[in-house]
Trainee: 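For reference, the structure I am asking about is given below.
Position 1 is the first residue of the sequence; numbering continues from there.
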Amino acid sequence: MSRPGDVPPEILDRLRPICGGLPETHEEPAWIGVRWRIRARTFAHVYVPDLDRYPAYAHPGVAGEPPAVMTFRAPAGELLGLISDGFPFVRAAWGSNVVVAYLGDHTDWTEIAELVTDSYCEMAPKFLSARVVPPSPGG
């Protein structure tokens with residue numbers, strides 16, 4: 001069993017090129033897990049929550065080990081549509097536009113790339129968001 005915060009390497013391997021490919025971003029260890037930032041603003045944070053401390057992260061769609069989750073910002077016009085179907089997306093208990101994505105074998109990485117890019121654009125200065133090239137279909 002992994003310790004809370006330990007992110008499976010295969011998930012980090014998928015997220016690093018997505019997040020690192022955005023203008024002027026950097027990756028750093030967070031209080032738990034790993035986060036990607038534009039300047040001092042976090043646009044993606046991935047971790048494995050401690051289900052004993054945070055039982056709200058337990059989800060029937062993820063069996064066995066505690067799930068790897070990613071929090072990110074969703075544009076206001078897309079938030080309700082994203083979380084309305086439920087798993088793998090739920091609204092975070094904090095922030096007006098923060099979404100939790102459960103990551104694993106079921107993950108559509110093309111969709112995650114689009115969502116991370118949107119989150120970056122929500123958090124980045126406008127001149128940097130204008131430099132973003134949307135992810136290509138198929139990853």
Trainee: With sequence neighbours excluded, tell me which residues meet side-chain hydrogen bond (donor to acceptor under 3.5 Å, both in side chains) with Asp108.
Mentor: none
Trainee: Who passes ring pair (Phe, Tyr, Trp, His ring centres under 6.0 Å) against Tyr120, sequence neighbours left out?
Mentor: Phe43
Trainee: Of all heavy-atom pairs between Ala68 and Val48, which one has the smallest distance, and what is that distance?
Mentor: CA-CG2, 4.0 Å
Trainee: If every non-hydrogen atom of Ser96 is compared with every non-hydrogen atom of Arg91, which pair is closest and at what distance?
Mentor: O-NH2, 2.7 Å
Trainee: May I have the list of side-chain donor-acceptor pairs in residues 16-27 shorter than 3.5 Å, sequence neighbours left out?
Mentor:
unit_1, atom_1, unit_2, atom_2, d
Arg16, NE, Glu27, OE1, 2.9
Arg16, NE, Glu27, OE2, 3.1
Arg16, NH2, Glu27, OE2, 2.9
Thr25, OG1, Cys19, O, 3.0
Thr25, OG1, Leu22, O, 3.3
His26, NE2, Glu28, OE1, 3.4
Glu27, OE1, Trp36, NE1, 3.3

Trainee: Among residues at least two apart in sequence or on other chains, which ones pass side-chain contact (heavy atoms from CB on, under 4.5 Å) with Ser129?
Mentor: Cys121, Ala124
Trainee: Please give me the minimum heavy-atom distance between His45 and Ala30, naming the atom from each residue.
Mentor: NE2-CB, 3.5 Å
Trainee: Distance-only criterion, 3.5 Å: show the donor-acceptor pairs between side-chain atoms of residues 79-87 and protein atoms not counting sequence neighbours.
Mentor:
unit_1, atom_1, unit_2, atom_2, d
Ser84, OG, Leu80, O, 3.4
Ser84, OG, Gly81, O, 3.1

Trainee: Measure from the side-chain N and O atoms of Arg41 to the backbone N and O of Met123, and report whether any donor-acceptor pair falls under 3.5 Å.
Mentor: yes
Trainee: Are any side-chain N or O atoms of Thr117 and backbone N or O atoms of Ala113, one a donor and one an acceptor, separated by less than 3.5 Å?
Mentor: yes
Trainee: Give the intermediate values and the outcome of side chain to side chain contact (heavy atoms under 4.5 Å, CB included) for residues Tyr47 and Asp6.
Mentor: CA-CA 6 Å; Tyr47 54 98; Asp6 289 345; over 6 Å; no
Trainee: Look up atom CG in Asp118 and atom CG in Asn97, then write down how far apart they are to the nearest 0.5 Å.
Mentor: 11.5 Å
Trainee: Going by the rule side-chain contact (heavy atoms from CB on, under 4.5 Å), which residues pair with Trp94 if we only count those two or more places apart in sequence or in a different chain?
Mentor: Thr71, Arg73, Ala92, Val98
Trainee: Is there side-chain contact between Val7 and Leu15, with heavy atoms separated by less than 4.5 Å?
Mentor: no
Trainee: What is the ring orientation for Phe72 with Phe89, classed by angle as parallel under 30°, tilted 30 to 60°, or perpendicular over 60°?
Mentor: perpendicular
Trainee: Just so I know, are the side chains of Ile112 and Leu103 near enough to count as touching, which here means a heavy-atom distance under 4.5 Å?
Mentor: yes
Trainee: Name all residues meeting the side-chain hydrogen bond (donor to acceptor under 3.5 Å, both in side chains) criterion together with Thr107; count only those two or more places apart in sequence or in a different chain, and write none if there are none.
Mentor: none
Trainee: Quick check: closest heavy atoms across Met70 and Ala44, and the distance to 0.1 Å?
Mentor: SD-CB, 4.2 Å
Trainee: Using side-chain contact (heavy atoms from CB on, under 4.5 Å) as the criterion, list what pairs up with Pro125, not counting sequence neighbours.
Mentor: Ile38, Arg39, Phe127, Leu128
Trainee: Can you confirm whether Pro8 sits close enough to Ile11 that some side-chain heavy atom of one is under 4.5 Å from a side-chain heavy atom of the other?
Mentor: yes
